[in-house]
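Just the heavy atoms: all of them, side chains too, but no hydrogens, waters or symmetry mates, feed the values below.
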Amino acid sequence: MSNLFDAIVSAHQQLRPQVRVTPLERSVLLSQQLGCELYLKCDHLQHTGSFKFRGASNKLRLLNDQQRSGGVIAASTGNHGQAVALAGKLMGVNVTVYAPETAAAIKLETIRALGGKVELVPGDALNAEQAGEKAAVEEGKVYISPYNDPQVVAGQGTCGMELVEQQADLDAVFVAVGGGGYISGIGTVLQQLSPKTQLIACWPKNATSMYSALQAGHIYPVEEQDTLSDGTAGGVEPGAITFPLCQQVIDRKILVSEAEIKQAMRQIAASDRWIIEGAAGVALAAAIKLAPEFQGKKVAVVLCGKNIVLEKYLKVISDENP
């Protein structure tokens with residue numbers, strides 16, 4: 001933990017100005033509606049529209065000259081691929097992203113527009129990850145995992161450093177969890193610099209891979225259903241470094257329904273005029289759900305991204321039914 005914290009501090013100092021310090025804004029209307037002092041950590045305003053640019057930038061920053069010249073490989077259906085592509089473009093590193101054929105066309109177009117090469121793979125995201133890792137080994141290139149890499153986790157942890165600097169006396173922080181890299185980095189910082197702050201991990205009920213692993217005490221395959229929170233969906237790799245980190249840093253776990261995610265996305269569009277993706281909606285939905293326990297307290301909701309396909313978003317905000 002101490003080594004990871006030191007790596008986060010170094011990333012926090014070295015990644016500027018490439019990685020933005022995103023604002024922490026008090027939501028006037030949500031604070032009034034919920035009865036607590038609610039702050040929004042606007043990581044959806046990070047470059048490429050998600051927190052992933054933090055970890056990708058840190059990983060590429062730490063490559064040696066030979067690794068940079070050889071190029072890197074990632075696998076992604078969206079946010080991670082876009083982040084690695086932009087970081088590579090800014091640092092002069094060639095990037096190839098393996099993606100499932102079913103990935104949204106607009107997301108693939110964005111990866112290409114950022115300078116990344118896209119290799120399409122039949123099947124789902126797991127097939128793309130396996131193909132990407134295999135290609136990296138065969139071609140002698142660095143494979144960049146979205147979460148199972150300490151240098152990526154350290155980059156994500158810079159969000160935690162910003163939170164502490166922007167509002168030192170937070171009572172709770174709500175973070176959506178997928179592979180666990182983001183919350184591991186944020187939680188490592190909070191334990192070191194703000195141990196009184198409760199770290200609340202949030203999942204959609206339809207996609208609980210890390211949640212189920214933490215409940216069971218070990219990683220195992222979990223059958224997931226479709227969810228608006230596609231950014232947190234998908235299994236956790238066996239032996240993932242984030243599993244023991246999550247065990248150490250998470251104070252509380254909460255699940256939210258698809259109806260609660262939709263309502264949160266609609267509510268923040270009305271109150272703060274923000275477009276957010278489903279994963280960010282998960283964290284806000286959890287804060288809304290637990291608001292009665294935090295009356296008069298200061299809480300932060302981490303808005304992890306805004307990359308949602310337009311048609312899907314319009315359906316969410318126009319549909320008043322669960």
**Q** Between Lys312 and Asp230, does any NZ, NE, NH1 or NH2 come within less than 4.0 Å of an OD or OE carboxylate oxygen?
**A** yes
**Q** For Ile288, does its backbone N or O pair with a side-chain atom of Gln267 as donor and acceptor, under 3.5 Å?
**A**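 Absent.
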**Q** Would you find a donor on one side and an acceptor on the other, under 3.5 Å apart, between the side chain of Asn64 and the backbone of Gln67?
**A** yes
**Q** For residues Leu199 and Gly187, report the shortest heavy-atom separation together with the two atoms involved.
**A**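 Closest pair (atom of Leu199, atom of Gly187, distance): CD2-CA, 3.5 Å.
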**Q** Check whether any side-chain N or O of Asn148 sits under 3.5 Å from a backbone N or O of Ile241 as a donor-acceptor pair, and report yes or no.
**A**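 At least one qualifying donor-acceptor pair exists.
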**Q** What residues form a ring pair (Phe, Tyr, Trp, His ring centres under 6.0 Å) with Tyr39, not counting sequence neighbours?
**A**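 Once residues adjacent in sequence are excluded, Tyr39 has no partner under the ring pair (Phe, Tyr, Trp, His ring centres under 6.0 Å) criterion.
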**Q** Looking only at the side chains, is there a donor atom on one of Asn58 and Gln156 sitting less than 3.5 Å from an acceptor on the other?
**A**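 No pair is found: no donor N or O on one side chain lies under 3.5 Å from an acceptor on the other.
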**Q** Side chains of Leu255 and Tyr211, heavy atoms from C-beta outward: is any pair under 4.5 Å?
**A** yes
**Q** The test is side chain to side chain contact (heavy atoms under 4.5 Å, CB included); show your working for Leu214 and Met210 and say whether it passes.
**A** CA-CA 6 Å; Leu214 292 170; Met210 180 62 84; 4.0 Å; yes
**Q** Please name the pair of heavy atoms, one in His80 and one in Ile144, separated by the smallest distance, quoted to 0.1 Å.
**A**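 Of all heavy-atom pairs spanning His80 and Ile144, the closest is NE2-O, 2.9 Å.
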**Q** When hydrophobic residues are tied together by side-chain contacts of less than 4.5 Å, even through go-betweens, does Val21 share a cluster with Leu40?
**A** no
**Q** Step by step, work out the salt bridge (Lys or Arg N to Asp or Glu O under 4.0 Å) result for Glu37 and Arg26.
**A** CA-CA 7 Å; Glu37 292 295 306; Arg26 180 180 179 272; 2.5 Å; yes
**Q** Taking Arg61 for the side chain and Gln14 for the main chain, is one N or O donor matched with an acceptor at less than 3.5 Å?
**A**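 No; judged by distance alone, with no hydrogens or angles, the pair does not exist.
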**Q** Measure from the side-chain N and O atoms of Ser76 to the backbone N and O of Gly81, and report whether any donor-acceptor pair falls under 3.5 Å.
**A** yes
**Q** Measuring from atom CG of Asp272 to atom CG of Leu303, what distance do you get when rounded to the nearest 0.5 angstrom?
**A** 8.5 Å
**Q** For the atom pair CZ (Phe51) and SG (Cys42), what is the distance rounded to the nearest 0.5 Å?
**A**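 Rounded to the nearest 0.5 Å, the CZ-SG separation comes out at 15.5 Å.
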**Q** Which atoms form the tightest heavy-atom contact between Val302 and Cys159, and what is the distance?
**A**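 Of all heavy-atom pairs spanning Val302 and Cys159, the closest is CG1-SG, 4.4 Å.
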**Q** Please indicate whether Glu223 has more than 12 foreign heavy atoms, meaning atoms of other residues, nucleotides or ligands, lying under 6.0 Å from its CD.
**A** no
**Q** Are there over 12 heavy-atom neighbours, none belonging to Gln66, within less than 6.0 Å of that residue's CD?
**A**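 It does not: Gln66 CD has 12 such atoms or fewer within range.
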**Q** Say you draw a straight line from OG1 of Thr197 to CD1 of Ile186; how long is it, rounded to the nearest 0.5 Å?
**A**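 Here the interatomic distance stands at 12.0 Å.
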**Q** Give a yes or no on whether the backbone of Ser209 and the side-chain of Ser212 come within a donor-acceptor separation of less than 3.5 Å.
**A** no
**Q** If you count heavy atoms of other groups shown closer than 6.0 angstrom to CG of Asn94, is the number above 12?
**A**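 Count not over threshold, so no.
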**Q** So, for Ala201 and Val177, which heavy atoms are closest and what is the spacing to 0.1 Å?
**A**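 Looking at all heavy atoms of both residues, the shortest contact is CB-CG2, 3.7 Å.
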**Q** Would a hydrophobic clustering, with Ile, Leu, Val, Met, Phe, Trp and Tyr connected at side-chain separations under 4.5 Å, put Val118 with Leu86?
**A**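 Cluster IDs for Val118 and Leu86 differ.
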**Q** Above 12 or not: heavy atoms from other molecules or residues under 6.0 Å from CD of Gln33?
**A** yes
**Q** Between Leu314 and Val316, does a side chain to side chain contact (heavy atoms under 4.5 Å, CB included) hold up when you go through it step by step?
**A** CA-CA 5 Å; Leu314 292 175; Val316 167; over 6 Å; no
**Q** Can you tell whether the side chains of Glu260 and Lys289 come within less than 4.0 Å, N to carboxylate O?
**A**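 Looking at Lys289 together with Glu260, the answer is yes, because their closest N to O distance falls below 4.0 Å.
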**Q** Drop me the distance from Thr158's OG1 to Met161's CE, to the nearest 0.5 angstrom.
**A** 9.0 Å
**Q** Between the side chains of Asp149 and Tyr143, does any donor sit under 3.5 Å from an acceptor?
**A** no
**Q** Sequence neighbours excluded, which residues qualify as side-chain hydrogen bond (donor to acceptor under 3.5 Å, both in side chains) partners of Glu293?
**A** Arg252
**Q** Can Ser31 and Ser27 be counted as having a side-chain donor-acceptor contact under 3.5 angstrom?
**A** no
**Q** Which atom names give the shortest non-hydrogen contact between Val152 and Pro146, and what distance separates them?
**A**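 Heavy-atom minimum between the residues: CG1-O, 3.6 Å.
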**Q** Using atom types as modelled, flag every donor-acceptor pair under 3.5 Å from a side chain in residues 162-169 to any protein atom, sequence neighbours excluded.
**A**
residue	atom	partner	partner atom	Å
Glu162	OE1	Thr22	N	3.2
Glu162	OE1	Lys41	NZ	2.7
Glu162	OE1	Arg54	NH2	3.0
Glu162	OE2	Arg16	NH1	3.1
Glu162	OE2	Arg16	NH2	2.9
Glu162	OE2	Arg54	NH1	2.8
Glu162	OE2	Arg54	NH2	3.3
Glu165	OE1	His12	NE2	3.3
Glu165	OE2	His12	NE2	2.9
Gln166	OE1	Lys41	NZ	3.1
Gln166	NE2	Thr22	O	2.8
Gln167	NE2	Asp169	OD1	2.6
Asp169	OD2	Lys298	NZ	3.1

**Q** Decide whether Gln225 and Lys205 meet the rule of one side-chain donor and one side-chain acceptor closer than 3.5 Å.
**A**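 No, no side-chain donor-acceptor pair sits under 3.5 Å.
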**Q** Any donor-acceptor pair under 3.5 Å linking the side chain of Asn307 with the backbone of Asn79?
**A**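 A pair under 3.5 Å: no.
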**Q** Assign the ring pair His44 / Trp274 to parallel, tilted or perpendicular, where the plane angle (0 to 90°) is split at 30° and 60°.
**A** perpendicular
**Q** Run the numbers on Leu193 and Phe5 for side chain to side chain contact (heavy atoms under 4.5 Å, CB included), then give the verdict.
**A** CA-CA 10 Å; Leu193 301 182; Phe5 177 71; 3.9 Å; yes
**Q** Ignoring hydrogens and geometry beyond distance, is a side-chain donor-acceptor pair present between Gln198 and Asp251 at under 3.5 Å?
**A**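 The answer is no; no qualifying pair exists.
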**Q** Does Asp65 offer a backbone N or O that forms a donor-acceptor pair with the side chain of Ser69 under 3.5 Å?
**A**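 It does hold such a pair.
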**Q** Would you say the side chain of Thr232 lies within less than 4.5 Å of the side chain of Pro204, judging by non-hydrogen atoms?
**A** yes
**Q** So, Thr208 and Glu224: side-chain donor and acceptor under 3.5 Å apart, yes or no?
**A** no
**Q** Is it the case that the side chain of Glu139 and the backbone of Gly70 share a donor-acceptor pair, with hydrogens and angles ignored and the cut-off at 3.5 Å?
**A**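 No; judged by distance alone, with no hydrogens or angles, the pair does not exist.
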**Q** If you measure from CZ on Arg68 to CG on Leu62, what distance do you get to the nearest 0.5 Å?
**A** 8.5 Å
**Q** Rounded to the nearest 0.5 Å, how far does CG of Leu284 lie from CD1 of Ile276?
**A** 5.5 Å
**Q** Could you list the donor-acceptor pairs under 3.5 angstrom formed between side-chain atoms of residues 95-109 and any protein atom two or more places apart in sequence or on another chain?
**A**
none

**Q** side-chain hydrogen bond (donor to acceptor under 3.5 Å, both in side chains) with Lys52: which residues, sequence neighbours excluded?
**A**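 Residues passing side-chain hydrogen bond (donor to acceptor under 3.5 Å, both in side chains) with Lys52: none at all.
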**Q** Check the pair Ile200 / Phe294 against side chain to side chain contact (heavy atoms under 4.5 Å, CB included), numbers first and verdict last.
**A** CA-CA 12 Å; Ile200 302 178; Phe294 289 96; 3.8 Å; yes
**Q** Looking at Gln191 and Thr188, would you say the former's side chain and the latter's main chain have a donor-acceptor pair under 3.5 Å?
**A**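 Not confirmed, Gln191 side chain does not pair with Thr188 backbone.
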**Q** Among all residues two or more places apart in sequence or in another chain, which pass the side-chain hydrogen bond (donor to acceptor under 3.5 Å, both in side chains) test with Ser57?
**A**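 side-chain hydrogen bond (donor to acceptor under 3.5 Å, both in side chains) list for Ser57, sorted by chain: Gln18.
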**Q** Specify the closest pair of heavy atoms between Val249 and Ser184, including all atoms of both residues, with the distance to one decimal.
**A** CG2-CA, 4.3 Å
